[in-house]
Asks: 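The structure that follows is given in the form of structure tokens.
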Amino acid sequence: KVDSSSAVASLLNEAKDYYKAQQYEQAAALLERALRIKPRHPIIWHNLAGVRLAQEDWKRAANLAQKSNALAGTREQYKSLRMRNWIVITIACEGMGDENCTREARSRAQALARALNY
């Protein structure tokens, strides 16, 4: 039996290579496979949000980043991830032309950045 964590790590590494090569659909397919193995892993959801952001699929990027934040919860180890998700959401809101959404997301990203001393 393949260890699921090593399978996920392999999928994430392969997805990163496709992302760097701007082969976004291939990257997304690998991340979705990783999510079938670990559906509650906030980092995988964040990475998929980043792929959708690169594709300018604004609404999906924002939704995926929100899902990542929901799974990350308030755990301290995910504070930086939550900040990065709010940055994704900010950019997605800008892409959609939603000023209220942009303002709210930017405010949340900045608050987390201050909490992390960035």
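Reckoned from all heavy atoms, side chains included, excluding hydrogens, waters and symmetry mates.
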Asks: Using a 6.0 Å cut-off, check whether atom CD of E99 has over 12 heavy atoms from anything other than its own residue.
Replies: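 No - once you tally the heavy atoms of other residues, nucleotides and ligands closer than 6.0 Å, there are 12 at most.
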Asks: State which residue, out of L31, L30, L35, fulfils the side-chain contact (heavy atoms from CB on, under 4.5 Å) condition with L11.
Replies: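 Looking at L31, L30, L35, the match for L11 under the side-chain contact (heavy atoms from CB on, under 4.5 Å) is L30.
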Asks: Decide side chain to side chain contact (heavy atoms under 4.5 Å, CB included) for L116 and M83; before the verdict, give the C-alpha distance in whole Å, the side-chain angles of both, and the deciding distance to 0.1 Å.
Replies: CA-CA 9 Å; L116 289 162; M83 179 194 69; 4.2 Å; yes
Asks: Is it true that I87 and V51 fall in one hydrophobic cluster, defined by side-chain heavy atoms closer than 4.5 Å?
Replies: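 No.
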Asks: Do E14 and Q26 make a side-chain contact, defined as non-hydrogen atoms from C-beta onward lying under 4.5 Å apart?
Replies: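 Answer no - side chains too far apart.
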Asks: So, taking the atom named NZ in K79 and the one named OG1 in T74, what distance separates them when rounded to the nearest 0.5 Å?
Replies: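 It comes to 9.5 Å.
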Asks: Let me check something: do I91 and L64 share a hydrophobic cluster, defined by ILVMFWY side-chain heavy atoms less than 4.5 Å apart, either directly or through other members?
Replies: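 They do not share one cluster, since no chain of ILVMFWY contacts under 4.5 Å joins I91 to L64.
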Asks: Do you know which two heavy atoms are closest between A65 and A49, and how far apart they sit?
Replies: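 Looks like N-CB, 3.6 Å.
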Asks: Do Y24 and Y18 have ring centres separated by under 6.0 Å?
Replies: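 Not under 6.0 Å, so no.
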Asks: Can you check side chain to side chain contact (heavy atoms under 4.5 Å, CB included) on L53 and W58, steps first, answer last?
Replies: CA-CA 6 Å; L53 193 67; W58 309 124; 3.7 Å; yes
Asks: Not counting sequence neighbours, which residues clear side chain to side chain donor-acceptor pair (under 3.5 Å) with E25? List them please.
Replies: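 Testing E25 for side chain to side chain donor-acceptor pair (under 3.5 Å), a comparison that skips the adjacent residues, returns R52, Q55.
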Asks: Between A72 and R75, which heavy-atom pair has the shortest distance, and what is it?
Replies: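 Answer, listing the atom of A72 first, then R75: O-NE, 3.3 Å.
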Asks: Hey, could you give me the NZ/CZ distance between K67 and R40, rounded to the nearest 0.5 Å?
Replies: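 Reported to 0.5 Å precision, the distance equals 6.5 Å.
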Asks: Regarding E104 and R108, does a basic nitrogen lie under 4.0 Å from an acidic carboxylate oxygen?
Replies: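 A salt bridge links E104 with R108.
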Asks: Over all heavy atoms of both residues, which pair between A27 and A15 is shortest? Give the atoms and the distance, please.
Replies: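 Residues A27 and A15, closest heavy atoms: CB-O, 3.5 Å.
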Asks: Find out whether N100 and D98 are in side-chain contact, i.e. whether some heavy atom of one side chain is under 4.5 Å from a heavy atom of the other.
Replies: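 Heavy-atom side-chain distance check passes, below 4.5 Å.
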Asks: S80 and R84: side-chain donor and acceptor closer than 3.5 Å?
Replies: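 Yes, a side-chain donor-acceptor pair sits under 3.5 Å.
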Asks: Might you work through the side chain to side chain contact (heavy atoms under 4.5 Å, CB included) test for L81 and S68, ending with a clear yes or no?
Replies: CA-CA 8 Å; L81 177 68; S68 174; 3.8 Å; yes
Asks: Could you state the interatomic distance from CH2 (W86) to CD1 (I89), rounded to the nearest 0.5 Å?
Replies: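 Nearest 0.5 Å value for the CH2-CD1 distance: 4.5 Å.
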Asks: If I take atom CG from residue N13 and atom NZ from residue K16, how far apart are they, to the nearest 0.5 angstrom?
Replies: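 So the CG of N13 and the NZ of K16 are separated by 5.5 Å.
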Asks: Can you tell me which residue among I43, N69, L71 is in a side-chain contact (heavy atoms from CB on, under 4.5 Å) with Y78?
Replies: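 Testing each of I43, N69, L71 against Y78, the sole residue satisfying side-chain contact (heavy atoms from CB on, under 4.5 Å) is I43.
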Asks: If we ignore hydrogens and angles and just use 3.5 Å, is the side chain of S10 paired with the main-chain N or O of S6 as donor and acceptor?
Replies: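 Such a contact is absent between S10 side chain and S6 backbone.
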Asks: Less than 3.5 Å apart, any donor N or O on the side chain of R82 or N85 sitting next to an acceptor on the other?
Replies: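 Short answer, no.
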